[in-house]
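Each remark here refers to the structure printed beneath this line.
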Amino acid sequence: MLKDRITGAKALMRALQAEGVKTIFGYPGGSIMPVYDALFDYTRGEKKCFDHILVRHEQGATHAAEGYARVSGEVGVALVTSGPGVTNTLTGIADAMLDSTPIVVIAGQVPIAALGTDAFQEVDLVGVSQPISKWSYQIRRAEDVAWAVSRAFYIARTGRPGPVVLDFAKNAQVEEIDWEPKKVDFIRSYVPYPKLDNDAVRRAAELINKAKRPLALVGQGVELGNAQEELKAFLEKADIPAGRTMLGLSALPSTHPLNVGMLGMHGNYAVNLKEQECDVLIAIGMRFSDRVTGNLKTYAKQAKVIHLDIDRSEIDKNVKTDVAVVADCKESLPAITALLDKNNHQEWRDSFKELDEKERNKVIEPAIHPTDGPLLMGEIVNAVAEQTPEGSVLVTDVGQNQLFATRYFKYTQKRSICTSGGLGTMGYGMPAAIGATFATDRTVCCFMGDGGFQMNIQELGTIMEQQAPVKMILMNNHYLGNVRQWQDMFWMKRKSFTKMLNPCYEAIAQGYGIAYQAVTDRKDLAAAVEKMLSTKGPYILECAIKEEDNVLPMTPPGMDVDKMMLEI
């Protein structure tokens, strides 16, 4: 029998194919060239099974892979070379780690014989990436490729998802082996799905059944576990109002009657105050970030706390738990729901309304329906949200654009938000939006400030080449707006290096051949949004906004969560 003898580089192609990979975001270079040569045959002709998207910077590759993963629910893939190629991916790897995003980064490496010699573009990738990844491994032999790739994807997508890094030595790329596929679905000591504790389920249900003022905090874990329907069944049976973290915003539709808004420093007023009044707090797939809890010494001390999470390390890390249910929420939610009494908490839910109305009158209406002065960020987001098709995807950069966009966009479908939460990475928005367009045919709207837009502005080249239909809303105030707001509030208005001199974005759009329009007057806003959404392909809508627009409400850093400010 003739053996199927191939190189390690071709083995990588087959291994990726076996994992169902369809899209790769990458940038070639010397140490990954054998892989790119093998990739050539897999991206064209009868053998085609991958789309390779040539980004313009390796950081863009990782963020695009993140955007793809967040919207599709699949593992995103980035392919880069060694040295600066892979060190450029570290921000994206750290971002994916903090936001539990499943990506696999495959990087070239110098031959094993050259390791430790300070060879050209040699870097200790395993050493630098290990603390910011779920698993980091160096492939030294071609015969290990199939096993390493299968293990990488298994780790990335199972349990609490996250990034995995494969460091692919050049000698292993060119060595020949007899191809033998591998499938890893078990790793000793790695338990991605903890066994559900039925006693914990019973105790959780008992607390919820006795509660007079229950409140659920919904995180991205619901999205990652594909438990959106299970969440609704749980909330509806026990009539529990639910706040959502920023990354969990699309786990529950905006219009759902039990949705009481966004949690956190710039979240909604009522739900933040009610965290300090509820008698049972049910955290579902969230990590009690400091941006949600504020001062931990005073946070929800009156409440019994139930924490549902797949990751045992999150239990009691920040907030002391009375009942911990450590399991996949797709399993734990229905188990608890089965033991719940059909309940009615109308009086408790009605108590949110006065606070909601206060926020609407003081903050929301002035932000989305101003009558004079310069354009405001809130009204721009609202204008886009009112016209986007149902199921549209929100992608944001980081800063005030992110906070306004997440507050005022409308969520009707699962996996509809893509933003950098834990790391807060400026420059995330544009490449993540590119990735999102390859994951879905839904409309992708990307809100960016002038600072974040310029951080990965080179990815306009990727958008141009791919004609990726990203609708880019550039909110330009000539400031690093969020830092400027903090300087005004907490640093005696000493605006230290936050004012920006910006380029002519129209000329930049023209250079990349991307449709562009500028809006300076609110009477033109609705028509400009309509034109953007109806134009095929990518579009840049630049909006000249009030220079010192502020995001409100706001809980000052380190303050009690119920000390939210509605005005400055």
Side-chain angles (χ1 to χ4, degrees), residues 200-219 221-222 227-245 248-264 267-286 288 292-294 298-309 319-325 329-330 332-360 364 411-412 553 560-562 564:
V201 168
R202 177 187 56 77
R203 289 185 289 122
E206 286 177 356
L207 277 179
I208 295 168
N209 284 334
K210 292 176 183 176
K212 302 298 182 186
R213 300 180 305 280
L215 178 61
L217 312 182
V218 177
V222 172
Q228 297 87 353
E229 294 305 314
E230 289 81 359
L231 172 69
K232 284 192 276 190
F234 167 80
L235 297 174
E236 289 166 3
K237 186 173 183 181
D239 197 35
I240 301 172
R244 302 156 300 159
T245 67
L249 281 170
S250 63
L252 191 67
S254 300
T255 55
H256 195 284
L258 292 173
N259 164 39
V260 290
M262 185 169 79
L263 301 161
N268 292 106
Y269 189 58
V271 66
N272 278 278
L273 269 60
K274 291 299 181 177
E275 285 178 274
Q276 303 294 71
E277 295 180 24
C278 66
D279 58 359
V280 174
L281 192 69
I282 309 123
I284 307 168
M286 55 89 72
F288 286 113
V292 166
T293 64
T298 61
Y299 180 72
K301 294 302 179 185
Q302 80 293 338
K304 296 289 186 182
V305 177
I306 301 168
H307 195 171
L308 280 63
D309 206 285
V319 172
K320 180 66 178 173
T321 302
D322 293 281
V323 179
V325 185
C329 59
K330 195 169 183 69
S332 60
L333 278 171
I336 295 171
T337 303
L339 301 180
L340 293 182
D341 299 331
K342 182 72 176 172
N343 219 322
N344 185 307
H345 294 292
Q346 189 66 51
E347 185 178 346
W348 165 237
R349 291 199 291 116
D350 285 345
S351 71
F352 286 71
K353 292 179 180 178
E354 184 179 345
L355 297 172
D356 285 335
E357 193 64 23
K358 188 174 182 180
E359 180 185 0
R360 174 155 288 280
I364 297 175
Y411 309 95
T412 60
D560 300 351
V561 70
D562 57 346
M564 289 198 90

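Both backbone and side-chain heavy atoms feed into the values below; hydrogens, waters and symmetry mates do not.
Looking at every heavy atom in both residues, Leu252 comes nearest to Ala242 through CD2-CB, 4.1 Å. Of all heavy-atom pairs between Ala200 and Val323, the closest is O-CG1, 3.5 Å. Taking every heavy atom of both residues into account, Gly243 and Val260 meet most closely at N-CG2, 3.7 Å. Counting all heavy atoms, side chain and backbone alike, Val325 lies closest to Ser332 at CG1-CB, 3.7 Å. Shortest non-hydrogen contact noted between Leu281 and Ala300 is CD2-CB, 3.9 Å. Across all their heavy atoms, Glu359 and Ala270 have their closest contact at OE1-N, 4.4 Å.
Between Trp348 and Asp279 the shortest side-chain heavy-atom distance does not fall below 4.5 Å. Side-chain contact between Leu258 and Ile240: absent, with no pair of heavy atoms (C-beta onward) separated by less than 4.5 Å. Taking 4.5 Å as the limit, every side-chain heavy atom of Arg203 sits out of range of all side-chain heavy atoms of Asp322. The side-chain heavy atoms of Leu355 and Leu273, taken from C-beta on, include a pair separated by under 4.5 Å. The shortest side-chain heavy-atom distance between Leu333 and Leu308 falls under the 4.5 Å cut-off. Looking at Arg213 and Lys274, their side chains never come closer than 4.5 Å, going by heavy atoms from C-beta outward.
Note that CD1 of Ile284 is 9.5 Å distant from NE2 of His307, once rounded to the nearest 0.5 Å. To the nearest 0.5 Å, atom SG of residue Cys329 and atom CG of residue Leu231 are 8.0 Å apart. Atom CD1 of Ile208 sits about 4.0 Å away from atom CD1 of Ile306, to the nearest 0.5 Å. Rounded to the nearest 0.5 Å, atoms OG1 (Thr245) and CE (Met286) are 6.5 Å apart. Within the model, atoms NE2 of His345 and OG of Ser351 stand 12.0 Å from one another, a figure rounded to the nearest 0.5 Å. Note that the OG atom of Ser250 and the CD atom of Gln228 stand 7.5 Å from one another [nearest 0.5 Å].
Here the side chain of Asn259 pairs no donor or acceptor atom with the backbone of Thr255 at under 3.5 angstrom. When atom types are taken as modelled, the side chain of Glu277 and the backbone of Gln302 share no donor-acceptor pair closer than 3.5 angstrom. Judged purely by atom type and a 3.5 angstrom limit, Asn343 has no side-chain atom pairing as donor or acceptor with the backbone of Asp239. Within the 3.5 Å criterion, the main-chain N or O of Leu339 finds a donor-acceptor partner in the side chain of Asn209. The closest donor-acceptor contact from the side chain of Thr321 to the backbone of Val305 lies at 3.5 Å or more, if one exists at all.
No more than 12 heavy atoms of other residues, nucleotides or ligands lie within 6.0 Å of CD in Glu354, so this atom counts as exposed by the packing criterion.
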Test side-chain contact (heavy atoms from CB on, under 4.5 Å) on Arg244 and Val222; report intermediate values, then the result. CA-CA 10 Å; Arg244 302 156 300 159; Val222 172; over 6 Å; no
Show, in sequence, the C-alpha distance, side-chain angles and deciding distance for Leu215 and Phe352, and conclude whether the side-chain contact (heavy atoms from CB on, under 4.5 Å) test is met. CA-CA 11 Å; Leu215 178 61; Phe352 286 71; 4.2 Å; yes
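In terms of the side chain to side chain donor-acceptor pair (under 3.5 Å) criterion, residue partners of Lys330 (sequence neighbours excluded) are, by chain and number, Glu230. A search for side chain to side chain contact (heavy atoms under 4.5 Å, CB included) contacts involving Glu229 returns Lys232, not counting sequence neighbours. Glu206 pairs by the side chain to side chain donor-acceptor pair (under 3.5 Å) definition with Arg202, not counting sequence neighbours.
Taking 4.0 Å as the cut-off between side-chain N and carboxylate O, Lys353 and Asp350 count as a salt-bridged pair.
Just one residue in the list Asp562, Thr293, Asp560 forms a side-chain hydrogen bond (donor to acceptor under 3.5 Å, both in side chains) with Thr298, and that residue is Asp560.
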